[in-house]
Amino acid sequence: MKALLDYLPIIIFFYFLKTTDPKDSHHPLLQLVGSSGNTNQNDILVATCALLISTLVVYGCLFFFQKFKLEKMQWFIVIMSMIFGGITLALGDVTYIKMKAVVINIGMGLGFLITPLFNKERMPIIKKMLDPILELSHRGWIRLNWVWAGQFFLIAGLHFFFGFIFMNGKYWGEFTAFGDIIVLLSCFAAILFFLRKHFKTTD
């Protein structure tokens, strides 16, 4: 359920992206935040506004239901969304919202890489996540941690590719809403497939 709530702001973003006229600089959401809009990219600005509002609502609810606390990754997503979304609306420049997912995924990748450096056991964070189902040596966990970080760097590169290189960002919205999660789940499935012999047996 929590995973669906985490994904809800992206769905709302995609809805407004596809239902807003790019030339509509007088959209109610833009007026709500006092934005003058952009010549022909108002669909992204409106979607960004919807993203920020839905992010505050969703994570505000999670904050309440999680006994007035958020996980570190949730705080990271909220703060990055507010920073990049706020700058996008303030300047009317969609470059910043396109960079949000790039920065978030790079940050997550780096988080996985540097975590072992800050604990006495040099235990990678991936072990905390998958230790209940996988049996690996210390070197195996380290390698899996590198692979896990690599998938976030891959997704960051794809966000940059679809946002700034491929057809001038024409399919950036589609990749943000659907491609991101498809790539992530595909990587996860591939990793588990190759590690199938290391699953812990249960009675």
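Because the structure is a prediction, the values reported are computed rather than measured. The residues of the chain are indexed from 1 along the displayed sequence.
Expressed to the nearest 0.5 Å, how far CD1 of Ile142 lies from NE2 of His138 amounts to 4.0 Å. Between atom OG of residue Ser25 and atom CD of residue Gln41 there is a gap of 13.0 Å, rounded to the nearest 0.5 Å. Note that the NZ atom of Lys72 and the CD1 atom of Ile77 stand 15.0 Å from one another [nearest 0.5 Å]. Taken to the nearest 0.5 Å, the CE atom of Met80 stands 11.0 Å off from the CE atom of Met82.
Taking every heavy atom of both residues into account, Met167 and Tyr171 meet most closely at SD-CE1, 3.6 Å. The two residues Thr115 and Ile125 have their closest heavy-atom pair at CG2-CB, 4.0 Å. Scanning both residues, Phe16 and Leu29, for their nearest heavy atoms gives CE2-CD1, 3.7 Å. When all heavy atoms of Pro124 and Pro116 are compared, the closest pair comes out as CA-CG, 3.6 Å. For the pair Ala149 and Gly109, the tightest heavy-atom approach, listed with the atom from each and the gap, is CB-O, 3.4 Å.
Listed by chain and number, the residues in a side-chain hydrogen bond (donor to acceptor under 3.5 Å, both in side chains) with Ser81 amount to none (sequence neighbours excluded). Under the rule for a ring pair (Phe, Tyr, Trp, His ring centres under 6.0 Å), Phe65 has no partner lying at least two apart in sequence or in another chain. In terms of the side-chain hydrogen bond (donor to acceptor under 3.5 Å, both in side chains) criterion, Asp21 has no residue partners (sequence neighbours excluded).
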Name each donor-acceptor pair under 3.5 Å that joins a side chain in residues 97-108 to protein atoms two or more places apart or in another chain, with its distance.
from	atom 1	to	atom 2	distance (Å)
Lys98	NZ	Gly163	O	3.1
Asn105	ND2	Ala101	O	2.8

Taking only distance into account, with no hydrogens and no angle test, what donor-acceptor pairs under 3.5 Å do side-chain atoms of residues 173-197 form with protein atoms, sequence neighbours excluded?
from	atom 1	to	atom 2	distance (Å)
Glu174	OE2	Lys18	NZ	2.6
Thr176	OG1	Trp172	O	2.9
Thr176	OG1	Trp172	NE1	3.2
Asp180	OD2	His159	NE2	2.6
Ser186	OG	Ile182	O	2.7
Arg196	NH1	Phe193	O	2.7

Report, one line per pair, each donor and acceptor closer than 3.5 Å where one atom sits in a side chain of residues 42-57; sequence neighbours left out.
from	atom 1	to	atom 2	distance (Å)
Asn42	OD1	Asn38	N	2.7
Asn42	ND2	Pro22	O	2.9
Asn42	ND2	Asn38	O	2.4
Thr48	OG1	Ile44	O	2.7
Ser54	OG	Ala50	O	2.8
Ser54	OG	Leu51	O	3.0
Thr55	OG1	Leu51	O	2.7

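Side-chain atoms of Lys200 come within 3.5 Å of backbone N or O of Asp131 as a donor-acceptor pair. A donor-acceptor pair is defined here as one N or O able to donate and one able to accept, closer than 3.5 Å; no such pair exists between the side chain of Trp146 and the backbone of Leu113.
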Inset, instruction - Give the C-alpha distance, both sets of side-chain angles, the deciding distance and a yes or no for side-chain hydrogen bond (donor to acceptor under 3.5 Å, both in side chains) between Gln74 and Gln66. - result: CA-CA 12 Å; Gln74 292 174 330; Gln66 293 175 175; 3.1 Å; yes
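A continuous path of Ile, Leu, Val, Met, Phe, Trp and Tyr side chains, each step under 4.5 Å between heavy atoms, connects Phe76 with Tyr59, placing both in one hydrophobic cluster. Both Leu158 and Phe14 belong to a common hydrophobic cluster when Ile, Leu, Val, Met, Phe, Trp and Tyr are linked at side-chain heavy-atom distances under 4.5 angstrom.
Environment of CZ in Phe199: crowded, with over 12 heavy atoms of neighbouring residues, nucleotides or ligands closer than 6.0 Å. Counting non-hydrogen atoms of neighbouring residues, nucleotides and ligands closer than 6.0 angstrom, the CZ atom of Phe164 exceeds 12 such neighbours.
Centroid-to-centroid, the aromatic rings of Phe68 and Phe64 come within less than 6.0 Å. Taking the six-membered ring for Trp, Tyr96 and Phe84 have ring centres at least 6.0 Å apart.
Using a 4.5 Å heavy-atom cutoff, the side chains of Trp141 and Leu134 are in contact. Looking only at side-chain heavy atoms (C-beta outward), Phe112 and Met129 come within less than 4.5 Å of each other. With a 4.5 Å cut-off on side-chain heavy atoms, Trp148 and Leu130 count as touching.
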